[in-house]
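Because the structure is a prediction, the values reported are computed rather than measured. Every chain is numbered from 1 and lettered A, B, ... according to where its sequence line falls, protein lines coming before strand lines.
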Amino acid sequence: MIRLSALNKYFDQHHVLRDVSLEVEKGQVMAVLGPSGSGKSTLLRCVNFLEKPSSGRIEIGSLSVEVDKADNKAVMALRAATAMVFQQYNLFKNMTALQNVMVGLTTVKKMPTSEAKGKSLRLLEKVGLGDRMDYYPSRLSGGQQQRVSIARALALNPEVILFDEPTSSLDPELVGEVLAAIKQVAKEGNTMIIVTHELHFAREVADTVVFLDKGLIVEQGDARQIFHEPKEERTRRFLDRALRPFVYQI
Amino acid sequence: MYELLDVQAIFTNMPKILSRLPVTLGVTFGAMLVSTAIGLTIALIKVYKVPVIRHMAGFYVSFIRGTPLLVQLYLVYYGVPRFFDYLYRAHGWFGQINFNLIPPVAFAVGAFAVNLGAYLSETIRSAIETVDRGQFEAGISIGLTRGQLMRKVILPQALLGILPNYGNTLISTVKDTSLIFMISVVDIMGQSQIIGARTLKFFEVYISVSIIYWLTCILLARILSELEKRARVYERKLVE
Ligand SMILES: Nc1ncnc2c1ncn2[C@@H]1O[C@H](COP(=O)(O)OP(=O)(O)OP(=O)(O)O)[C@@H](O)[C@H]1O
Ligand SMILES: [Mg+2]
C-alpha cells in the first residue's frame with residue numbers, strides 16, 4: 001500500500017504539485033495520465049525524494065514520512081521501499097546487464113555475491129534477457145536496456161515500482177516487448193505507479209487512474225470508469241484527443 | 001679534418017645517462033600517483049561544492065596555472081624547509097626537521113605533484129560532470145550512498161574519460177622533469193650536463209639524451225594506448 005497525502009511541490013514560486021493525495025492498494029497498478037508539464041514526473045520523483053517535496057506525507061507499507069521533517073534515514077527508507085524505471089533507462093554504463101541488476105543487492109542489501117548473482121540471473125531470464133547477461137548497455141537495444149532496468153528495479157523487492165514513461169524513448173517496434181515485460185510484472189502482484197502516454201496500454205494494465213493537470217488531480221478512480229465515462233470535462237477532452245485514431249495530416 | 005660531431009661519443013655516453021633513467025621515471029610516476037590523489041580530492045570538493053574549502057581549492061588551481069613550473073619547483077625547494085623551520089621556531093610545531101636529510105628528489109616529486117594535481121583536478125571534475133545525470137538518479141533511486149555511487153558508477157566512467165588526457169600529461173611530465181636538475185636532482189638531463197661539462201661534448205651528449213627522451217615517450221605512448229583499448233571494453237557499440 002502506498003498513500004500520498006496533501007503532497008505539494010514548489011520549484012521556487014512555481015507550484016508544480018498542488019495538494020496531491022492518492023492511494024494505491026497492495027498489488028494494484030495505478031496509471032498517472034495528464035498533459036505535458038502537468039507534474040507527472042515530479043510526482044513520481046517526489047515519492048523517492050529525487051526531488052524533495054515541499055510539504056505533505058508519504059506512506060509506504062508501515063513507513064510514514066512527514067516530508068518537511070524527513071531526515072536522511074527516512075529518505076533512505078523511502079528509497080529502499082521504492083524502485084524507479086526511467087524514460088532513458090539510465091543503466092550504469094560501466095556494468096554489464098547482470099552487474100546492473102546485482103549492484104543494488106550486493107552494495108545496498110549486502111547480499112553474498114553468489115546469491116545475488118542467482119537472483120539477478122533469474123530476473124534477467126524473467127524479462128527475457130538471460131542470454132544477454134554479460135552485455136554492456138552500449139551493446140543492447142533500447143528495449144533490451146529498458147528490460148534490464150525493470151529487472152534492476154525488481155531486484156530490491158520494492159513495495160512499489162515507479163515507471164516514468166518507460167516506453168517514450170523507444171523506437172515503435174521495441175515498445176511491445178517492454179510493455180509485455182511490464183504487464184508480466186503487474187500480473188505477479190507488484191504494486192506499481194505508471195506514468196505513460198500509452199493509453200491503450202494503461203487501459204489494459206491499470207486498476208486505477210489519476211488524471212493530473214497543472215499539478216492538480218482533476219479526477220481519480222477506477223480505471224474502467226475513467227476510461228469509459230470520465231466525470232470531468234477536462235479528462236474527457238484529454239482522452240478523446242489521445243485515444244482518437246491517429247490521422248496523418250498533409 | 002673537421003667533423004660536425006663525434007658520432008661515437010653519442011653512444012659511448014648513453015649507458016651513463018641511461019643509468020639515471022630510473023630517477024626521471026621515478027619522479028614522473030611518483031608525481032603522477034600523488035597528483036592523482038590531489039586532483040581527485042580537489043575535483044570532489046568542487047563537484048560537491050564543499051563550502052570554504054572550495055574557494056581555497058579554486059585559489060590553488062588558479063595560482064598553479066598562472067605561474068611557471070620552474071618557479072613552483074624553487075618555491076617548494078626553498079620554501080617548504082623555511083616554512084617548517086618557521087613553524088618550529090615560532091610555535092614549536094612538528095619539531096625541528098633536518099631538511100638536509102631529505103633528498104632533493106622528494107622536493108621534486110612534491111612540486112610536480114602539486115603542479116599536476118591542479119591541472120588534473122580540472123580534467124577529473126569535467127569528466128565527472130560529463131557522466132549523464134540519469135545514472136546519478138538511478139544510483140540514488142536504488143539506494144546507493146553518494147560515496148558508493150561515486151566509487152562504483154561515476155568514477156570508473158569519469159576516469160576512463162580522462163585516460164587520453166592522463167596519458168598526455170604523463171608524457172609531458174617525462175619531458176618536464178628535465179627541470180629538476182635545477183634543484184640538484186641528477187636525472188638523465190642532469191647527468192648529461194655533468195658529462196657534457198666533463199668531456200666538453202655537449203652537442204653529442206644532448207643528442208644522446210634527446211634520443212632517450214624520445215624513445216621513452218614512444219614506448220609510453222604505446223603502452224598507454226594499449227591500456228586504454230583494454231579499459232574501453234564496455235564502450236563498444238551495438239554490433240548485431
Ligand atoms: N528541476 C526543475 N526546476 C524547475 N522547474 C521544474 C523542474 N522540473 C520540472 N519543472 C517544472 O515542473 C512542471 C512539471 O514538470 P514535470 O516534468 O513533472 O511534468 P510532466 O507531467 O512529467 O511532463 P511530461 O509529460 O512532458 O514529461 C513543469 O512546468 C516543469 O517546467
Ligand atoms: Mg515527465
A:Lys52 atom NZ, neighbour heavy-atom count above 12 within 6.0 Å: yes
B:Glu137 side-chain N/O to A:Leu50 backbone N/O, donor-acceptor pair under 3.5 Å: no
Flag if over 12 foreign heavy atoms under 6.0 Å of OH, B:Tyr48: yes
NZ (A:Lys109) with more than 12 external heavy atoms under 6.0 Å: yes
Other residues, nucleotides, ligands: >12 heavy atoms within 6.0 Å of B:Phe83 CZ: no
Worked check of side-chain contact (heavy atoms from CB on, under 4.5 Å) between B:Asp132 and A:Lys93: CA-CA 10 Å; B:Asp132 62 299; A:Lys93 296 203 175 72; 3.0 Å; yes
B:Gln135 versus chain A, the contacting section by heavy-atom distance below 4.5 Å: both
Closest heavy-atom pair and its distance - A:Asn90, B:Gly134: ND2-O, 3.1 Å
Portion of A:Phe92 that has a non-hydrogen atom of chain B nearer than 4.5 angstrom: both
NZ (A:Lys126) with more than 12 external heavy atoms under 6.0 Å: no
Heavy-atom closest pair, residues B:Ser141 and A:Asn48: CB-ND2, 3.6 Å
B:Lys152 backbone acceptor or donor facing A:Asn94 side chain under 3.5 Å: yes
Value rounded to 0.5 Å, distance of CZ in A:Arg45 from CD1 in B:Ile140: 9.5 Å
Other residues, nucleotides, ligands: >12 heavy atoms within 6.0 Å of A:Met111 CE: yes
Option that, when pairs with chain B are counted at under 4.5 Å, heavy atom only, ranks first among A:Met76, A:Gln88, A:Gln99: A:Met76
Atom group of A:Leu78 that falls short of 4.5 Å from chain B, counting heavy atoms: neither
